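It should be emphasised that the depicted structure is a prediction, and the values quoted were computed from it without experimental measurement.
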Amino acid sequence: MRRLIAVALVAVLAGVSGTAGAQEKKVKVGVLKLTSSAPIFVGVEKGFFKAVGVEPELVFFQAAAPIATALAAGQIEVGATGLTAALYNIVLQGEKLWIVADKGREWPGYPLVGILVQRELWDQGLRSVKDLKGKRIGITTLGSTFHFHLGNILEKEGLKLADVKVVPLQTMPSTVEALKGKQVDAIMVPQPFPGAAEAQGFGKILAWAGDLYPWQIATVFYSKGFAADRERAVNFMKGYVRASRYYHDAVLVRKGGLPIPGSNYDEVVQITAKYTGAKPEIIKIGFPYQDRDGRLLVQDIDKQMKWWVGHGFMKSVIPLKEIVDTSYIEAAIQAVKE
């Protein structure tokens with residue numbers, strides 16, 4: 001009897017130990033409920049992360065900047081969102097984090113962020129970026145990806161940020177509501193918000209921002225602690241590479257400038273709709289571009305920091321070697337052959 005009890009106790013302890021081990025393998029990933037998060041959603045739904053021993057626990061946020069703050073505070077281990085002044089400043093203040101992979105580029109022909117204007121203004125003839133001079137433009141926060149993108153688009157058109165009134169509204173849903181309530185004249189928000197606003201009739205897409213100014217808008221970044229766990233960090237990238245390739249081949253392939261839906265197109269649409277809460281027909285307006293292997297536009301990150309410094313949002317540029325580490329994605333690309 002004592003032997004049986006001892007065996008049973010060992011089995012129970014082994015079960016507890018195994019459960020704890022499985023829990024330890026979960027990775028808290030900060031994301032937004034956007035179409036641009038589709039590769040992460042695909043990786044979770046298709047089991048690509050789990051297959052390499054890493055199980056993401058998705059933590060949803062309302063804007064990009066708080067994800068960087070949560071990463072620095074140790075509340076999450078991986079961030080998957082836009083590059084903001086807040087993220088760069090966290091590093092300047094002494095925290096360590098690493099930008100490791102592509103998670104979405106503003107790219108011509110691939111809709112991501114839309115410049116939306118009031119339907120009434122569109123009907124009155126507002127048709128170009130230059131027509132935004134003097135207008136109230138809603139974004140989430142100062143120092144956000146939208147702030148950077150708006151500034152560069154205006155400068156490309158011969159205007160300045162000072163030529164418009166930038167209105168920070170904190171979250172993307174509140175930004176959309178401000179346009180609907182006519183508290184602002186225009187807003188910048190990513191899919192699926194532009195498509196939904198047009199479908200509801202109160203907004204009109206003036207332009208897709210990536211057609212006006214392409215850049216590396218979003219990345220995957222690691223906390224110092226997660227990056228230091230080399231095996232786990234590379235394994236996460238292995239799952240991510242498989243998800244990126246699956247996503248790319250399903251929805252991003254083009255021929256003659258037109259999208260050619262892959263065999264898994266409808267599946268990716270449904271997965272994205274499930275996680276974002278948007279209707280499939282809104283999702284089908286278009287998916288943002290991402291490198292098939294998840295590789296970064298590294299030099300664009302340096303360009304971004306110089307712009308932030310020039311506009312007073314950063315004190316100095318961070319050397320790329322102190323904030324970018326492509327070794328994780330490169331190791332994963334070599335390991336994942338399919």
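- Cation-pi geometry between Arg242 and Phe49 is not met at under 6.0 angstrom from the ring centre and within 45 degrees of the axis.
- Ion pairing of Arg295 with Asp102 is absent here, as no side-chain N (NZ or NE/NH1/NH2) approaches a carboxylate O to less than 4.0 Å.
- You'll find the side chain of Ile329 stays beyond 4.5 Å of the side chain of Val100, heavy atoms only.
- With respect to Arg232 and Glu77, a salt bridge is recorded, a charged nitrogen being found less than 4.0 Å from a carboxylate O.
- In this structure, His147 has its ring center closer than 6.0 angstrom to the ring center of Phe313.
- Geometrically, Arg127 engages Trp122 in a cation-pi contact, judged by NZ or CZ lying under 6.0 Å from the ring centre and within 45° of the ring axis.
- Aromatic ring pairs are classed by plane angle as parallel below 30°, tilted from 30° to 60° and perpendicular above 60°; the pair Phe236 and Phe226 is perpendicular.
- Taking the six-membered ring for Trp and the full ring otherwise, the centers of Trp307 and Phe148 sit less than 6.0 Å from each other.
- Two residues are said to be in side-chain contact when any heavy atoms from C-beta on lie closer than 4.5 Å; Ser327 and Arg230 meet this criterion.
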**Message:** Set out, in order, the CA-CA distance, both residues' side-chain angles and the distance that settles side-chain hydrogen bond (donor to acceptor under 3.5 Å, both in side chains) for Gln270 and Tyr265, then state yes or no.
**Reply:** CA-CA 9 Å; Gln270 292 298 326; Tyr265 177 83; over 6 Å; no
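- A cation-pi arrangement is found for Lys33 relative to Phe60, the charged atom lying closer than 6.0 Å to the ring centre and inside a 45° cone about the ring normal.
- Residues Tyr213 and Ile115 fall within the same hydrophobic cluster, defined by Ile, Leu, Val, Met, Phe, Trp and Tyr side chains chained together at heavy-atom separations under 4.5 Å.
- Tyr247 does not carry Arg292 over the face of its six-membered ring by the limits of under 6.0 Å from the centre and within 45° of the normal.
- The pair Arg245-Asp249 does not count as a salt bridge, with every side-chain nitrogen at least 4.0 angstrom from each carboxylate oxygen.
- Within the 4.5 Å cutoff, the side chain of Ile187 has no heavy atoms near those of the Ile137 side chain.
- Not less than 6.0 angstrom separates the ring centroid of Tyr110 from the ring centroid of Trp208.
- Other residues, nucleotides and ligands place more than 12 heavy atoms under 6.0 Å from the NZ atom of Lys96.
- Salt-bridge check for Glu120 with Lys182: passed, with a basic side-chain N closer than 4.0 Å to an acidic carboxylate O.
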